[in-house]
Visitor: 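Below: one structure in structure tokens.
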Amino acid sequence: MTLDIAFLGYGFMGKAHANALARLPMFFPDAPETNRAVLIGRNERAASEAAERFGFDRVETDWRDVVEDVDVFCNLGPNHIPAKPTITALESDVHVLCEKPLAADLETAKKMRNAARESEAVVATAFNYRFTPAIQLAKQLIKEDELGKIYRFKGRYLQDWFADPELPWNWRCSEEASGLGAVGDVGSHTVDLARWLVGDINHVTGSLSTQVADRPDPDGEGTRPVTTDDEYSALVEFENGATGVLEGSRVATGRKADNAIEIYGSKGALEFSLRRLNELRFKGSEDRGYQELLVTEPEDPYMDAWWPAGHIIGWEHAMVHQYYEFLTSISESQSHSPDFEDGVAVQRTVEAIRKSHERGEWVPL
Ligand code: SOE
């Protein structure tokens, strides 16, 4: 079986996803075969250049001409684009992988989730950090009860690409196009890891702030208002009684992609940072302090596919693992995790953080 794949979008995510598909057959020979069939983009010239570099057969400028005719549709565009092409693809049982957050708002995300429930297709929300080997090992340790009862989760994702007030206005500054700001973008990843590793969240309280209120208009003189948040902080309560502290920013000067978690349980604890993504810091019940586990042994998740132990991997490898799991779910007619139910749960959580900010009180989920 060769799966014909269409991408909508060819920016950072288009490049990362195309790289993952290109690497997949070399390192995971048992993965279903894929063909990078169509790249969809409104600007034909730019899309054609990207298609050539990313290894796509052809370009289309209108998603309507494509999404029902391929086997897999990957929606990698800005947050306000996703709903229609995704729903149309699902109505034809075309498998869909959608970048996070699922949509610009919860109602739209639910429509996408409902379309997935009605469809025979396999769906994925691209919470790629789950597929980092050290995070997979964290999940295993929690499953094996090495941490005992989990008391607390701490998670942060800090970036600084908006710290310069002269950065021109872009779609992420617009509530209409982006929905939420930092809380929806980097916050989605932290909420997904919290839910996946600890469990469902049932109460949140939080605050948002916009540090740079106006940015230079990219199309002319003057400035345009920023209607999304630059940073958020939240406290959360999990159904199982654990508590959590979450933080995210795109104006955290000096922090480029500081995605980190800490989990504390009755027997053990663990710590992960994307800055040292091949390592998991773990303290088991018999350990006096933390051990620094280098997660590159052949028995570590996904690592026998790559290099001999100690030869580290990078951010992009998790994207390869994500496609390995998603495409294998398709070939085995099984559901994939994270799916659109997870996408909606995360969207509900980040929107509840915003509601809590507006109301000044805890919000139940
Ligand atoms: C920008 O903040 C961004 O590209 C996010 O949208 C991604 O989800 C994150 O992985 C990297 O940074």
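Keep in mind that the numbers below use all heavy atoms, side chains included, and drop hydrogens, waters and symmetry copies. One-based numbering, in listed order, for ligands and for the atoms of each.
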Visitor: Checking a contact table here: which protein heavy atom is nearest atom 4 (O) of ligand 1, and how many Å away?
Guide: F12 CE2, 3.3 Å
Visitor: If you measure from the Lys or Arg side-chain nitrogens to the Asp or Glu carboxylate oxygens, is any gap between D57 and R36 under 4.0 Å?
Guide: no
Visitor: Considering only the protein, which heavy-atom contact is closest to atom 6 (O) of ligand 1, and what is its distance?
Guide: D185 OD1, 2.5 Å
Visitor: Identify, for atom 12 (O) of ligand 1, the protein heavy atom at the shortest distance, and state residue, atom and that distance.
Guide: Q159 NE2, 2.9 Å
Visitor: Do S188 and F127 touch side chain to side chain, with heavy atoms closer than 4.5 Å?
Guide: yes
Visitor: With a 6.0 Å cut-off on ring centres, are W63 and F7 close enough?
Guide: no
Visitor: Ring-plane angle category for F131 and H336, please: parallel below 30°, perpendicular beyond 60°, tilted otherwise.
Guide: parallel
Visitor: Atom 10 (O) of ligand 1: which protein heavy atom is closest, and how many Å away?
Guide: Y129 OH, 2.6 Å
Visitor: Is H189 close enough to touch ligand 1? Criterion: a residue heavy atom under 4.0 Å from a ligand atom.
Guide: yes
Visitor: Answer with side chain, backbone, both or neither: which part of K256 has a heavy atom less than 4.0 angstrom from an atom of ligand 1?
Guide: neither
Visitor: Under a 4.0 Å N-O cut-off, is there an ion pair linking D160 with K256?
Guide: yes
Visitor: Indicate, as side chain, backbone, both or neither, the part of F127 found under 4.0 angstrom from ligand 1 when only non-hydrogen atoms are considered.
Guide: neither
Visitor: Y302 vs H321 aromatic rings, parallel, tilted or perpendicular, using cut-offs 30° and 60°?
Guide: parallel
Visitor: Looking at K110, I'd like to know if its NZ atom is crowded, meaning that more than 12 non-hydrogen atoms belonging to other residues, nucleotides or ligands lie closer than 6.0 Å.
Guide: yes
Visitor: Where does K100 meet ligand 1, judged by heavy-atom distances below 4.0 Å: at the side chain, the backbone, both, or neither?
Guide: side chain
Visitor: Any atoms of ligand 1 less than 4.0 Å from a non-hydrogen atom of Y157? List them with their elements.
Guide: 9 (C), 10 (O), 11 (C)
